[in-house]
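Structure record follows, encoded as structure tokens.
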Amino acid sequence: MKKILMCFVLVFVAVGFFGCDKSDDNISEITTTYLYAQEGEYSGSISIGKRENPYIIDGKHAKNVDFSLIVLKLGEVYNQSVTVKIEVNGQTEDVKLELNPLNSTYMADLGYALKEDDEISVIYNDCHLKFSNISKDFKVGWEKALEIGKKELSVVIDNLTSKKKLNGEYYLKILSKDNDLYWFFTLVDQNENNYNIVISVNDENVVYAS
């Protein structure tokens with residue numbers, strides 16, 4: 001009897017665990033940790049989380065991989081790429097960042113997920129940017145932001161769901177605007193229509209919807 005009961009418990013736990021994973025099968029990008037640094041005219045952010053690979057915004061979800069996206073503002077822009085040194089817990093490596101002409105920043109994905117408590121610095125010329133995990137102080141974490149975004153778009157989600165399968169994909173990123181930070185939740189359907197919700201990290205207020 002004990003063996004039967006134990007098997008039932010294990011099956012129940014497994015179904016519950018994988019069921020939770022399945023509910024988020026359509027998340028093609030999610031930032032769970034956000035780091036920031038500033039030194040003089042230089043500043044930078046590192047978004048850490050998971051995103052699909054290959055990364056194609058088409059309403060169809062692919063398998064997720066870890067990422068750590070570095071974005072640096074380095075004053076005046078002269079080159080299409082720059083090489084910086086990133087130091088993680090005392091270990092240093094060179095990283096090449098490419099220019100994003102849309103906002104004159106330099107970007108690179110490390111291809112793995114940094115940890116929340118890692119000691120992280122980026123060294124460029126004589127500048128030493130030491131990053132801090134500012135997302136731990138957000139009053140609205142990524143879990144709550146995801147919940148709010150889905151709730152706001154519940155009618156759209158229902159219309160796009162067939163046989164319990166969503167014909168679309170979700171994205172949850174950090175948006176920086178006028179020195180303020182927001183959660184930017186997007187639903188993309190398979191016709192590449194976009195539905196966007198912007199949520200303050202300081203409260204649960206939806207500041208924009210489209």
Side-chain angles (χ1 to χ4, degrees), residues 20-21 24 27-53 55 64-75 82-98 100 102-150 170-186 196-208:
C20 290
D21 278 352
D24 290 337
I27 298 179
S28 291
E29 179 174 359
I30 186 164
T31 294
T32 56
T33 304
Y34 187 79
L35 314 180
Y36 183 77
Q38 183 168 8
E39 182 68 34
E41 64 175 340
Y42 295 165
S43 63
S45 66
I46 303 177
S47 298
I48 304 168
K50 291 182 178 292
R51 64 182 179 184
E52 67 175 358
N53 182 36
Y55 188 82
N64 282 340
V65 296
D66 293 334
F67 79 89
S68 296
L69 180 66
I70 302 175
V71 179
L72 298 182
K73 292 183 180 180
L74 301 177
V82 296
T83 299
V84 303
K85 291 187 180 297
I86 180 168
E87 183 179 292
V88 181
N89 301 325
Q91 301 295 314
T92 303
E93 65 173 311
D94 290 339
V95 177
K96 183 179 180 180
L97 291 84
E98 301 290 343
N100 179 356
L102 296 177
N103 56 14
S104 298
T105 60
Y106 289 95
M107 306 171 63
D109 176 16
L110 296 179
Y112 58 89
L114 295 163
K115 296 182 178 63
E116 290 186 8
D117 56 352
D118 282 341
E119 294 185 3
I120 303 163
S121 297
V122 168
I123 303 163
Y124 177 72
N125 292 337
D126 295 327
C127 181
H128 194 111
L129 288 167
K130 187 172 182 179
F131 285 81
S132 299
N133 177 8
I134 63 173
S135 58
K136 64 182 176 60
D137 296 321
F138 290 174
K139 292 183 173 59
V140 179
W142 67 266
E143 300 101 325
K144 190 63 180 179
L146 193 62
E147 177 187 326
I148 294 170
K150 287 183 177 181
Y170 302 118
Y171 297 82
L172 183 65
K173 311 175 186 180
I174 289 292
L175 171 68
S176 176
K177 184 173 177 58
D178 299 328
N179 296 320
D180 290 321
L181 296 176
Y182 304 89
W183 288 108
F184 189 63
F185 177 80
T186 299
N196 304 297
I197 303 293
V198 179
I199 307 156
S200 171
V201 302
N202 295 315
D203 52 48
E204 298 181 12
N205 185 35
V206 174
V207 299
Y208 177 81

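These values consider heavy atoms only, across backbone and side chains, with no hydrogens, waters or symmetry-generated copies.
For the pair Phe131 and Leu129, the tightest heavy-atom approach, listed with the atom from each and the gap, is CD1-O, 3.7 Å. Residues Ser176 and Leu181 approach most closely at CB-CD2, 3.7 Å, considering heavy atoms. Closest of all the heavy-atom pairs between Ile148 and Glu204 is CD1-CB, 3.8 Å. Between Leu114 and Ile46, the shortest heavy-atom distance links the atoms CD1-CG2, 4.0 Å. The two residues Ala145 and Ile199 have their closest heavy-atom pair at O-CD1, 3.5 Å.
In this structure, Glu39 places its CD atom where only 12 or fewer heavy-atom neighbours from other residues, nucleotides or ligands lie under 6.0 Å away. Within 6.0 Å of atom CD in Glu93, more than 12 heavy atoms from other residues, nucleotides or ligands are found, so the atom counts as buried in its surroundings. Around the CG atom of Asp126, the shell of radius 6.0 Å holds no more than 12 heavy atoms that belong to other residues, nucleotides or ligands. Other residues, nucleotides and ligands contribute at most 12 non-hydrogen atoms within 6.0 Å of the CD atom of Glu119.
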Run Ile86 and Leu110 through side chain to side chain contact (heavy atoms under 4.5 Å, CB included) and show every step you take. CA-CA 10 Å; Ile86 180 168; Leu110 296 179; 3.8 Å; yes
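Put simply, NZ on Lys139 and NZ on Lys144 are 15.5 Å apart, with the number rounded to the nearest 0.5 Å. Note that the CD1 atom of Ile120 and the CG atom of Asn89 stand 7.5 Å from one another [nearest 0.5 Å]. Atom-to-atom distance recorded for Thr32:OG1 and Leu172:CG is 9.5 Å, nearest 0.5 angstrom. Going from atom OG1 of Thr31 over to atom CZ of Arg51 covers 9.0 Å, rounded to the nearest 0.5 Å. Of the inter-residue distances, the one linking Glu29 atom CD with Lys50 atom NZ reads 13.0 Å to the nearest 0.5 angstrom. Distance CG/Leu97 to CG/Leu69: 9.0 Å, rounded to 0.5 Å.
In this structure, the ring pair (Phe, Tyr, Trp, His ring centres under 6.0 Å) partners of Tyr124, at least two apart in sequence or on a different chain, are Tyr42.
Considering only heavy atoms from C-beta on, Ser28 stays 4.5 Å or farther from Tyr55 through its side chain.
Within the 3.5 Å criterion, the main-chain N or O of Asn205 finds a donor-acceptor partner in the side chain of Asp203.
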